[in-house]
There are 2 protein chains.
Amino acid sequence: MRKRSRYFAREELKKSGYKVTPARTAIIDLLSNSKKHLSAEDIFLKIHNISPNIGLTTVYRTLEVLVETGMVCKLDFGDRRARYEFSQGIEKEKHHHHLVCTNCNRIIDYTDFIEDEIELLKKTEKGLSKKYKFEIKNHIIQFYGLCNECRKKII
Amino acid sequence: MRKRSRYFAREELKKSGYKVTPARTAIIDLLSNSKKHLSAEDIFLKIHNISPNIGLTTVYRTLEVLVETGMVCKLDFGDRRARYEFSQGIEKEKHHHHLVCTNCNRIIDYTDFIEDEIELLKKTEKGLSKKYKFEIKNHIIQFYGLCNECRKKII
DNA sequence: ATTGTAAATGAAAATCATTTTCAATAATCA
DNA sequence: TGATTATTGAAAATGATTTTCATTTACAAT
């Protein structure tokens with residue numbers, strides 16, 4: 001499983017003219033095994049335990065490359081720190097959207113209602129591409145509000 | 001028209017226990033007359049022409065307050081600089097979503113397909129609130145990709 | 001109107017995620 | 001096995017946003 005995504009990633013990098021390096025492999029491995037939305041620093045720290053010679057700068061640069069090839073999604077939850085996760089469809093990742101608590105910054109992934117959402121999105125995407133001659137590559141749907149705990153606390 | 005939104009804003013501020021100050025009034029006036037998604041600095045500069053004594057810090061603080069009361073939406077288009085716009089429904093603002101060009105950062109507002117989107121969103125929101133006991137206050141839908149010009153340029 | 005008090009403000013400094021610079025190193029291809 | 005070019009790490013720079021702190025102001029109570 002890990003090997004498969006690693007192989008996939010190698011090919012994907014080469015296809016885009018990038019070199020396959022230890023840093024890139026390590027970050028791909030980490031992300032492909034992680035369920036969460038990790039920040040660049042999260043990734044740096046985890047990698048650091050295994051390969052202390054990979055710097056934070058390289059993590060940023062690698063993430064940029066991975067986003068560019070479409071292997072990784074860059075997410076923004078409103079705190080000013082980007083999060084990264086493996087794109088849907090690379091493994092058997094389920095497509096999901098996010099609920100973001102504006103108080104505690106907790107993120108809930110949901111897959112409920114996704115089918116309807118996807119269907120609508122496809123339709124919308126098609127219409128928009130045509131009307132605005134826009135080549136749509138990605139979308140974001142996020143709901144912001146208060147999670148159960150924070151709702152109680154704040155009252 | 002301007003007076004109406006100013007009056008509305010006064011009440012809204014008081015209701016939340018905030019004081020009505022010149023800086024707040026000025027920023028509300030500006031945003032309520034502006035169609036665009038302005039950054040804090042954009043707002044600061046425009047206001048500065050009229051009231052040179054209002055500082056950038058105050059602009060940031062005021063925007064925070066306005067977002068908190070729900071009068072203003074804070075938007076994130078992926079460059080690392082927040083944009084602000086008057087919330088739908090305060091005036092006769094049309095609800096819209098955004099197309100973001102990842103190359104030139106151009107933003108296109110679209111209202112097409114909005115009815116269907118809104119309907120689906122309402123349904124989804126209801127379902128999610130119930131399942132996750134989440135109090136949803138806001139949502140974001142954005143499509144990322146290449147605008148017509150950039151599509152041609154990059155090839 | 002006047003005043004007391006907490007909230008709001010401006011300027012300057014601090015923060016902190018992300019980028020840039022630059023010299024050194026490593027991945028690929030002939 | 002080199003040659004060539006991309007990649008890298010460390011340190012410095014950047015730049016939007018926040019914090020600090022002393023001063024001013026809005027407004028409720030007098």
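Heavy-atom basis, side chains included; hydrogens, waters and symmetry copies ignored. Computed from a predicted model, the values in this text were never measured in an experiment. Letters A, B, ... are given to chains in the order of the sequence lines, protein chains preceding strands, and every chain is numbered from 1.
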Query raised in the report: Which sits closer to the 5' end of DNA chain D, A:Gly55 or B:Leu56, going by the nucleotide each is nearest to?
Result: A:Gly55
Query raised in the report: Taking for each residue the nucleotide of DNA chain D with the nearest heavy atom, is it B:Ser39 or A:Pro22 whose nucleotide lies nearer the 5' end?
Result: A:Pro22
Query raised in the report: Tell me, which of residues 13-21 of chain B have any heavy atom that sits under 4.0 Å from an atom in DNA chain C?
Result: B:Tyr18, B:Lys19, B:Thr21
Query - Residue pairs involving residues 57-81 of chain A (criterion side-chain hydrogen bond (donor to acceptor under 3.5 Å, both in side chains); sequence neighbours excluded) - result: A:Tyr18-A:Glu68, A:Asp79-A:Arg83
Could you go through nucleotides 14-17 of chain C and list every protein N or O atom that sits under 3.5 Å from one of its N or O atoms, giving the distance for each pair?
unit_1 : atom_1 : unit_2  : atom_2 : d
C:dA17 : OP1    : A:Arg81 : NH2    : 2.4

Query raised in the report: Would you find more than 12 non-hydrogen atoms of other residues, nucleotides or ligands less than 6.0 Å from B:Glu11 atom CD?
Result: yes
Requested in this report: Using atom CG of A:Leu38 as one end and atom P of C:dT18 as the other, report the distance to the nearest whole Å.
Outcome: 13 Å
Query raised in the report: Over how many whole Å does the gap from A:Asn53 atom CG to C:dT25 atom C1' extend?
Result: 12 Å
Got a sec, which residues hit salt bridge (charged side-chain N to carboxylate O under 4.0 Å, His left out) with [X], two or more places apart in sequence or on another chain?
X        : answer
B:Lys15  : B:Glu12
A:Lys123 : B:Asp116
B:Glu117 : none
A:Lys14  : none

Query raised in the report: Between which nucleotides of DNA chain D, 5' to 3', does chain B make heavy-atom contacts below 4.0 Å?
Result: D:dA16 to D:dC27
Side chains of residues 41-50 of chain B: which donor-acceptor partners sit under 3.5 Å, not counting sequence neighbours?
unit_1  : atom_1 : unit_2  : atom_2 : d
B:Asp42 : OD1    : B:Ser39 : OG     : 3.3
B:Asp42 : OD2    : B:Ser39 : N      : 2.9
B:Asp42 : OD2    : B:Ser39 : OG     : 3.1

Query raised in the report: Who passes side-chain contact (heavy atoms from CB on, under 4.5 Å) against A:Ile140, sequence neighbours left out?
Result: A:Gln142, B:Ile140, B:Tyr144
Report task. Sequence neighbours left out, what passes side chain to side chain donor-acceptor pair (under 3.5 Å) with A:Asp109? Give chain and number order. Result -> A:His37, A:His98
Side-chain donor-acceptor distances from residues 129-137 of chain A under 3.5 Å, at least two apart:
unit_1   : atom_1 : unit_2   : atom_2 : d
A:Ser129 : OG     : A:Glu125 : O      : 2.6
A:Lys131 : NZ     : B:Asp112 : OD2    : 2.5
A:Tyr132 : OH     : B:Asp112 : OD1    : 2.8

Query - side-chain contact (heavy atoms from CB on, under 4.5 Å) between B:Phe86 and B:Leu66, worked out - result: CA-CA 9 Å; B:Phe86 236 46; B:Leu66 296 179; 6.0 Å; no
Report task. With heavy atoms under 4.0 Å as the rule, sort A:Arg24 into base, sugar-phosphate or nothing. Result -> sugar-phosphate
